[in-house]
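First comes the structure, then the notes that go with it.
Reminder, nothing fancy here: chain letters follow the sequence lines and each chain counts from 1. Remember, predicted model here, so these are calculated numbers, not experimental data.
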2 protein chains.
Amino acid sequence: MEDEQLSLTLRALGHPVRLEILRILMARADSCCCNDITDCLSLAQSTVSQHLKVLLDAGIIEREARGTRNNYCVCIDRLAAFGTAVTAYLDKLGRVPAACNPTLASTF
Amino acid sequence: MEDEQLSLTLRALGHPVRLEILRILMARADSCCCNDITDCLSLAQSTVSQHLKVLLDAGIIEREARGTRNNYCVCIDRLAAFGTAVTAYLDKLGRVPAACNPTLASTF
DNA sequence: TTCTTCTATCGTAAAATAACGATGGAAGAT
DNA sequence: ATCTTCCATCGTTATTTTACGATAGAAGAA
């Protein structure tokens, strides 16, 4: 994952409300509409919708029109890829100085 | 790690320049001052200093005054804790629906 | 002392973010 | 056809972020 994409995802996750939204989405067996999420949070519906858009734009969640409501669900593979990318980034970060300064290598 | 702290760190890392700064810091065996970093990036010194402040405020890097210059280094343990926190967050996310919807469990 | 170097900080400007209320249009329900 | 529900979007406001140049003060060099 390129830095541009990785940092976009990091930013999209960089808000406590959005971390919570993902929890709410994942905790439900059935898929979830904006109102369901708004009921769990003390925020206006428009604010929640905006947060959903950030997650949507980052490709972390998907929207599916179902009747009068829009259902959201987490893109599991995208989240997994994010986890992998973070680990890879940190791993590479750690590996570079390992060649120069062996004492750092053991920290990771 | 609490959501507040985790999201702060995610935001601090959510900029390509800051991802790169950490790479620069880690790639050097000797520690690194603001000018060294500025030389590697096509940005003004004040801008780099600001990015360093963001990383500093998030506790990701440390500053050490050494003579006329300030040396920066990465807080390895903080970074490692961040990696752990991200993994834990994603892991817990994945575990919740595993109880409700077994098909999701295998994705993680 | 004087000069240079380094860099955090200030001031500024532009853009993005976060929150809200209001609204309009789409889709079921009556 | 009318009513209700859902919700993305618009407009607004306040705050934060990102970038820059300018500057001042600290520390070493001449």
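A donor-acceptor pair is defined here as one N or O able to donate and one able to accept, closer than 3.5 Å; no such pair exists between the side chain of Arg63(A) and the backbone of Leu56(A). Judged by distance alone, the side chain of Tyr89(A) and the main-chain N or O of Met1(A) form no donor-acceptor pair under 3.5 Å. A donor-acceptor distance shorter than 3.5 angstrom exists from the side chain of Thr38(B) to the backbone of Cys34(B), with no hydrogens or angles considered. Proximity of a side-chain donor or acceptor of Thr87(A) to a complementary backbone N or O of Gly83(A) within less than 3.5 Å is detected. The main-chain N or O of Ile60(A) is never found under 3.5 Å from a side-chain atom of Arg78(A) such that the two would form a donor-acceptor pair.
Qualifying salt bridge (charged side-chain N to carboxylate O under 4.0 Å, His left out) partners for Glu62(B), counting only residues two or more places apart in sequence or in other chains: none. In this view, Asp57(A) and Lys53(A) satisfy the salt bridge (charged side-chain N to carboxylate O under 4.0 Å, His left out) rule, not counting sequence neighbours.
Note that CD1 of Ile61(B) is 4.5 Å distant from CG of Leu52(B), once rounded to the nearest 0.5 Å. Between the SG atom in Cys33(A) and the CG atom in Asn71(A) there is a gap of 6.5 Å [rounded to 0.5 Å]. For the atom pair CG of Leu13(B) and OG1 of Thr9(A), the computed distance is 12.5 Å after rounding to the nearest 0.5 Å. If you take SG on Cys73(B) and CG on Leu22(B), they are separated by 11.5 Å, rounding to the nearest 0.5 Å.
One interatomic measurement links the two molecules: CG of Leu52(A) to C1' of dT9(D), which rounds to 14 Å at whole-angstrom precision. The distance between atom CG of Leu41(A) and atom C1' of dC7(D), rounded to the nearest whole Å, is 15 Å.
A heavy-atom distance below 4.0 Å to DNA chain D is reached by these residues of residues 32-39 of chain A, ordered by number: Cys33(A), Cys34(A), Asn35(A). For residues 53-70 of chain B, proximity to DNA chain D is found at Gly67(B), Thr68(B), defined as any non-hydrogen atom under 4.0 angstrom from a strand atom.
Bounding nucleotides for the chain A contact on DNA chain C, 5' to 3', at a heavy-atom distance below 4.0 Å, are dA18(C) to dG28(C).
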Check nucleotides 20-24 of chain D against the protein and report each pair of N or O atoms closer than 3.5 Å, with its distance, or say if there are none.
{"unit_1": "dC20(D)", "atom_1": "OP2", "unit_2": "Ala44(B)", "atom_2": "N", "d": "2.9"}
{"unit_1": "dC20(D)", "atom_1": "OP2", "unit_2": "Thr47(B)", "atom_2": "OG1", "d": "2.8"}
{"unit_1": "dG21(D)", "atom_1": "N7", "unit_2": "Ser46(B)", "atom_2": "OG", "d": "3.2"}
{"unit_1": "dG21(D)", "atom_1": "O6", "unit_2": "Ser46(B)", "atom_2": "OG", "d": "3.3"}

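Contact annotation: His51(B) reaches the phosphate of dA19(D) (side-chain N/O to OP1 or OP2, under 4.0 Å).
For the residue pair Ser46(B) / Gln50(B), no side-chain donor-acceptor distance below 3.5 Å is found, with atom types taken as modelled.
Across every non-hydrogen atom of Pro16(A) and Asp3(B), the tightest pair is O-OD2, 4.2 Å.
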